[in-house]
Structures are given as structure tokens and as C-alpha cells.
Amino acid sequence: MVDLTSSPRPTISYRPIRPSDLEVLEKIHDDLFPIRYESEFFHNVVNGRDIVSWGAVDRSRPNGQSDELIGFVTTRIVLAKESEIEDLLGVDSSKSDQTLVYILTLGVVESYRNLGIATSLVREVIKYASSFPTCRAVYLHVISYNSPAIHLYKKMSFQCVRRLYGFYFINGQHYDSYLFIYYVNGGRSPCSPLELVTLAATYIRSGFKSMAARLRKSEEKKVLRWPKGKETCCLMTATQNKRSFTTEDAGCQFV
Ligand SMILES: CC(C)(COP(=O)(O)OP(=O)(O)OC[C@H]1O[C@@H](n2cnc3c(N)ncnc32)[C@H](O)[C@@H]1OP(=O)(O)O)[C@@H](O)C(=O)NCCC(=O)NCCS
């Protein structure tokens with residue numbers, strides 16, 4: 001471990017993550033998170049496949065370590081209308097091109113903490129999200145006991161919009177998560193009277209639609225006798241939406 005207390009202030013710089021970072025990136029994730037990520041996740045990060053990421057390095061480190069990662073943030077672009085936060089965006093979110101940036105993982109090696117490195121990495125994400133006009137927000141989940149991370153997002157004006165009970169399942173235990181959002185490019189929660197009326201109308205319409213579908217289905221059921229397994233399949237999908245992790249089961253969500 002690097003002892004920064006006796007050395008001069010490090011010279012931190014930020015750069016994209018690249019294939020040569022693979023090993024270190026994997027090691028830092030293993031060290032920092034209570035879950036193991038699949039090797040495919042790391043390959044996707046370093047090759048920029050569907051993932052946009054930034055790394056932090058300490059240029060003042062000796063012995064050829066000046067380009068070695070000491071921090072990272074990884075993100076994915078998602079379609080607003082397919083996200084779990086569509087209801088927290090303005091009416092525009094149903095437009096097919098509206099996007100969001102989801103933070104997958106963020107971490108800083110212990111000896112480099114409290115130097116503002118994570119703040120700078122998250123700032124990069126916000127700058128990136130703001131740079132394309134279709135993007136409405138940056139969002140993420142954080143496990144409810146992670147005080148340094150919660151402090152960081154609040155300090156950066158992220159809004160804590162939801163508590164998700166038992167969202168994570170890690171090594172046989174359930175943990176809640178908070179959902180944090182940072183709106184960009186005028187994205188915001190529906191709040192004008194017109195938007196609230198539109199939102200209510202959408203809910204009512206979809207309520208009628210699903211009631212009509214249920215009625216139709218029950219009519220069909222009488223004729224077709226749907227197999228019971230179909231219900232089970234829907235339940236399974238709903239459960240799988242929760243982040244369920246064991247040390248073997250690796251996902252890409254933010255802890
Ligand atoms: C969360 C994490 C990324 C922060 O990295 P960092 O580079 O130290 O963050 P910064 O220096 O930009 O900011 C840290 C802030 O947290 C505060 N902080 C540190 N420990 C804290 C604690 N136990 N409780 C509350 N706040 C704390 C610091 O005082 C600082 O706030 P300030 O700027 O108002 O003084 C880092 O702790 C980490 O890698 N943790 C392990 C992985 C992780 O939890 N990732 C986040 C997943 S959501």
C-alpha cells in the first residue's frame with residue numbers, strides 16, 4: 001500500500017480506461033466490493049463495449065506505476081423509457097431517443113481516499129452526460145450503509161429519490177439501496193401541473209389497458225387453459241429485477 005502521509009501531494013490525472021488496465025482494474029474491484037464481477041464485465045470496460053469509463057492515475061508514483069489505476073468510474077448508457085426511473089423524468093422521457101447514464105461502479109484505492117478523486121470522476125460523468133442533448137440524468141444505486149458514498153453524492157447535489165428495500169442480496173443477506181439522480185439538460189421529475197395531469201392520464205390509461213388485457217386473458221383462459229407455468233415465469237422476472245449477488249454471482253450494478 002502507498003503511504004501518502006509522508007509523501008508530497010500526489011499528481012492525479014484522469015484518462016480513459018484501456019486494455020492494459022485489465023489486471024489492475026479487476027484487482028481493485030476485488031479489493032473494494034463485497035461481490036465478484038464477471039470477467040466479461042472487465043473486458044467490456046477496458047474495450048469500451050457498451051461501457052464508458054474513466055480512470056485516475058497518480059503521475060508522481062515511481063517505479064513505472066505512474067500510469068497505474070488508483071481509481072475508476074464505469075457507466076452505461078440506457079434508454080430512459082426502458083429504465084426503472086422513467087416515472088421520475090419529465091414527460092419527454094417517453095420519446096424513444098431519451099437516454100440516461102447509469103453509474104455501474106466507482107472506487108478509489110484506500111490510500112488515495114478523501115483527496116477529491118471520486119468527486120472528480122463523478123464530475124467527468126456529469127460532464128459527459130451533459131454533452132449529449134438526449135441525456136436527461138445520471139443515476140445510480142448505493143447500498144444503504146455506505147456512508148462515504150452517500151455523503152459524496154449528496155455533496156454533489158444528487159437527489160436521493162427512493163429507498164429500495166432488500167434491493168441487494170449479498171452472501172445470503174438482504175440490504176436496502178438508495179437511488180440517487182442528478183438531472184442534466186433540463187431533465188427533471190414531473191412537477192408542472194400539466195406534466196402531473198399527463199402523468200396521471202398515462203397511469204389511468206395504462207390501468208384501463210391492463211384491466212382490459214386481464215379481462216381478455218380471463219376470457220381466453222376459459223377457452224385456452226393457459227399452463228400455470230406462465231404465472232411463475234412472470235414472478236421470476238420480477239424477482240430477477242432485484243440485484244441478487246453472491247460471491248459467485250457477479251453483476252454490473254453499483255454497490
Ligand atoms: C466512496 C469512495 C469512492 C469515495 O472516494 P474518495 O476519492 O475518497 O471521495 P472524495 O475524496 O471525492 O470525497 C469523499 C467525501 O466523503 C467523506 N467521507 C469519508 N469517509 C466518510 C464517512 N465514513 N462518512 C461520511 N463521509 C465520509 C469525506 O470527508 C469527503 O467529503 P468532503 O469532501 O465533504 O470532505 C471511496 O470511499 C471508495 O472507493 N469506497 C469503496 C467503494 C465504494 O463504496 N464505492 C462507491 C459505491 S456507491
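Every number for a ligand or one of its atoms is a count from 1 in the order of the listing. All values below come from the heavy atoms of this structure, side chains included, with hydrogens, waters and symmetry mates left out.
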Nearest option to atom 19 (C) of ligand 1, as decided by whichever heavy atom of Leu104, Asn114, Leu32 sits closest: Asn114
Lys81/Asp97 salt bridge by N-O under 4.0 Å criterion: no
Asp67/Arg61 salt bridge by N-O under 4.0 Å criterion: no
Test of proximity, Thr119 against ligand 1: N or O pairs below 3.5 Å: yes
ring-ring contact (aromatic ring centres under 6.0 Å, His included) against Tyr128, all qualifying residues, sequence neighbours excluded: Trp54, Phe132
His151-ligand 1 polar pair, N/O distance under 3.5 Å: yes
Proximal atoms of ligand 1 relative to Ser147 (non-hydrogen, under 4.0 Å): 24 (N), 25 (C)
Closest contact, heavy atoms only, Ser60 versus Pro10: OG-CA, 3.4 Å
Residue Gly107 vicinity, atoms of ligand 1 by number, heavy atom under 4.0 Å: 39 (O)
Enumerated ligand 1 atoms positioned under 4.0 Å from heavy atoms of Leu152: 12 (O), 13 (O)
Ligand 1 versus Val108: contacting region, heavy-atom distance under 4.0 Å: both
4.5 Å side-chain heavy-atom contact, Phe41 and His43: no
Numbered atoms of ligand 1 (with element) below 4.0 Å of Leu115, judged on heavy atoms: 11 (O)
Gly116-ligand 1 polar pair, N/O distance under 3.5 Å: yes
Under 3.5 Å: N/O of Val142 near N/O of ligand 1: no
Aromatic centroids of Phe180 and Tyr139 separated by under 6.0 Å: no
Part of Tyr153 with heavy atoms under 4.0 Å of ligand 1, whether side chain, backbone, both or neither: side chain
Atom of Val24, atom of Leu69 and distance for their closest heavy-atom approach: CG1-O, 3.7 Å
His141 ring center near Phe167 ring center (under 6.0 Å): yes
Ala118, Pro148, Ala149: member with heavy atom nearest to atom 3 (C) of ligand 1: Ala118
Proximity of Leu140 to ligand 1 by residue part, where a heavy atom lies under 4.0 Å: neither
Proximity to ligand 1 by part of Arg113, non-hydrogen separation under 4.0 Å: both
Close side-chain approach of Phe72 to Ser53, heavy-atom, < 4.5 Å: no
